[in-house]
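Beneath this line is the structure, given in structure tokens, with notes to follow.
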Amino acid sequence: MEYSMTDVFKTEFRDSLRKSYRRWLENYFRPHIACFSREGDLLSQWRAYANNRKGISIGFNRRYFESIKTLDNKEFEVLDVVYSLKEQEKKLKDLVSIIGTEKLKILEGFYINKGDNNYFHEIELASVLLKYGMIFKNETFSEEKEVRLIHGFDKIAAEPDMFEYRVTQDDLISFVEIPIHIESDYTPIKEIILGPNCKVNSKNLRHFLGQKLPAKAIEIEIKKSMSSYRS
């Protein structure tokens with residue numbers, strides 16, 4: 001018997017998968033994600049994240065992150081967010097093909113009958129679904145052109161010893177620190193865009209960068225946003 005997407009995701013199997021996904025997400029799986037955009041000068045982003053357009057947009061170098069992603073035992077992935085519903089469906093169909101009919105039968109029996117003998121298979125499928133959950137996003141957000149730096153992408157369980165913590169007004173937030181190595185072959189920062197209402201003087205900013213990144217500051221482009229915005 002061949003399993004299509006309809007067979008798998010429109011039965012009790014689908015409902016059981018959803019419950020399993022939520023259980024692993026809430027109890028075991030703690031990825032840490034930093035979100036970036038391939039577009040550094042979007043009016044919608046200035047409005048949402050930049051203190052009434054007074055902030056700056058820092059253009060990090062993707063090649064830099066790719067070059068250090070296995071250093072210091074802080075492995076992470078740099079991945080583009082998938083917005084297209086067709087592309088998301090294709091990835092899920094590919095998943096069904098990779099798993100294969102026989103294993104799907106085993107998984108279906110496990111999830112529906114809640115057996116205890118196929119724990120490994122639950123982990124295997126849950127881990128793949130959780131990975132897709134980290135890079136799938138609704139098409140209405142496609143303007144953001146988001147890129148995600150994900151720590152824990154290949155780990156089904158959290159590694160709390162890796163976490164550091166910061167205090168907010170009403171919460172304790174865990175994070176994983178990613179280093180900025182100024183001696184890297186790649187410049188960590190490629191450009192800085194000053195927001196539409198930003199008051200920072202570009203010359204002062206250049207001097208500041210010269211102090212903090214002495215060997216790399218000359219390579220960083222500083223420019224003003226092209227977005228016009230009236231309060």
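The structure displayed is predicted, hence computed values, not measured ones.
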Kindly give the cluster partners of Ile193, where membership spreads through any ILVMFWY side chain lying under 4.5 Å from a current member. Trp46

Would you say that Pro31 contacts His151 through its side chain, given a criterion of any heavy-atom pair below 4.5 Å between the two side chains? no

Hey, what do you get for CG (Asn201) to NE2 (His207), rounding to the nearest 0.5 Å? 9.0 Å

To the nearest 0.5 Å, what is the distance between CD1 (Ile189) and CG (Leu209)? 6.5 Å

Can you find a pair of side-chain heavy atoms, one from Asp80 and one from Ile135, that are under 4.5 Å apart? no

Side chain Ser57, main chain Gly40, donor-acceptor under 3.5 Å: yes

Which side-chain N or O atoms in residues 169-176 pair as donor and acceptor under 3.5 Å with protein atoms at least two apart or in another chain?
unit_1	atom_1	unit_2	atom_2	d
Ser174	OG	Arg30	NH2	2.8
Ser174	OG	His32	NE2	2.9

Side chain to side chain donor-acceptor pair (under 3.5 Å) involving Lys54 - partner list, sequence neighbours excluded: none

Do the non-hydrogen side-chain atoms of Val147 and Leu79 ever get within less than 4.5 Å of each other? no

The criterion is salt bridge (charged side-chain N to carboxylate O under 4.0 Å, His left out); which residues satisfy it with Lys91, sequence neighbours excluded? none

Pairs touching residues 136-145 that satisfy side-chain hydrogen bond (donor to acceptor under 3.5 Å, both in side chains), sequence neighbours left out: Ser44-Glu143, Lys137-Glu144, Lys137-Glu146, Asn138-Thr140

Partners passing ring pair (Phe, Tyr, Trp, His ring centres under 6.0 Å) against Phe65 (at least two apart in sequence or in another chain): Phe36, Phe60

For Tyr186, does its backbone N or O pair with a side-chain atom of Arg63 as donor and acceptor, under 3.5 Å? no

Pairing residues for Glu219 by the side chain to side chain donor-acceptor pair (under 3.5 Å) criterion, not counting sequence neighbours: Thr187

So which residues get pulled into Tyr83's cluster when ILVMFWY side chains under 4.5 Å apart are joined, directly or through others? Val81, Phe141

Go through the structure and list residues passing side chain to side chain contact (heavy atoms under 4.5 Å, CB included) with Gln211, not counting sequence neighbours. none

Those residues that, when tested against Phe136, pass ring pair (Phe, Tyr, Trp, His ring centres under 6.0 Å) (two or more places apart): Tyr132

Partners meeting salt bridge (charged side-chain N to carboxylate O under 4.0 Å, His left out) with Glu66 (sequence neighbours left out): Arg62, Lys69

Let me confirm one number: the CD-CD1 distance from Glu191 to Ile58, rounded to the nearest 0.5 Å. 11.0 Å

Counting distance only, does the side-chain N/O of Asn61 pair as donor-acceptor with the main-chain N or O of Lys190 below 3.5 Å? no

Through direct or indirect side-chain contacts below 4.5 angstrom among Ile, Leu, Val, Met, Phe, Trp and Tyr, which residues connect to Leu85? none

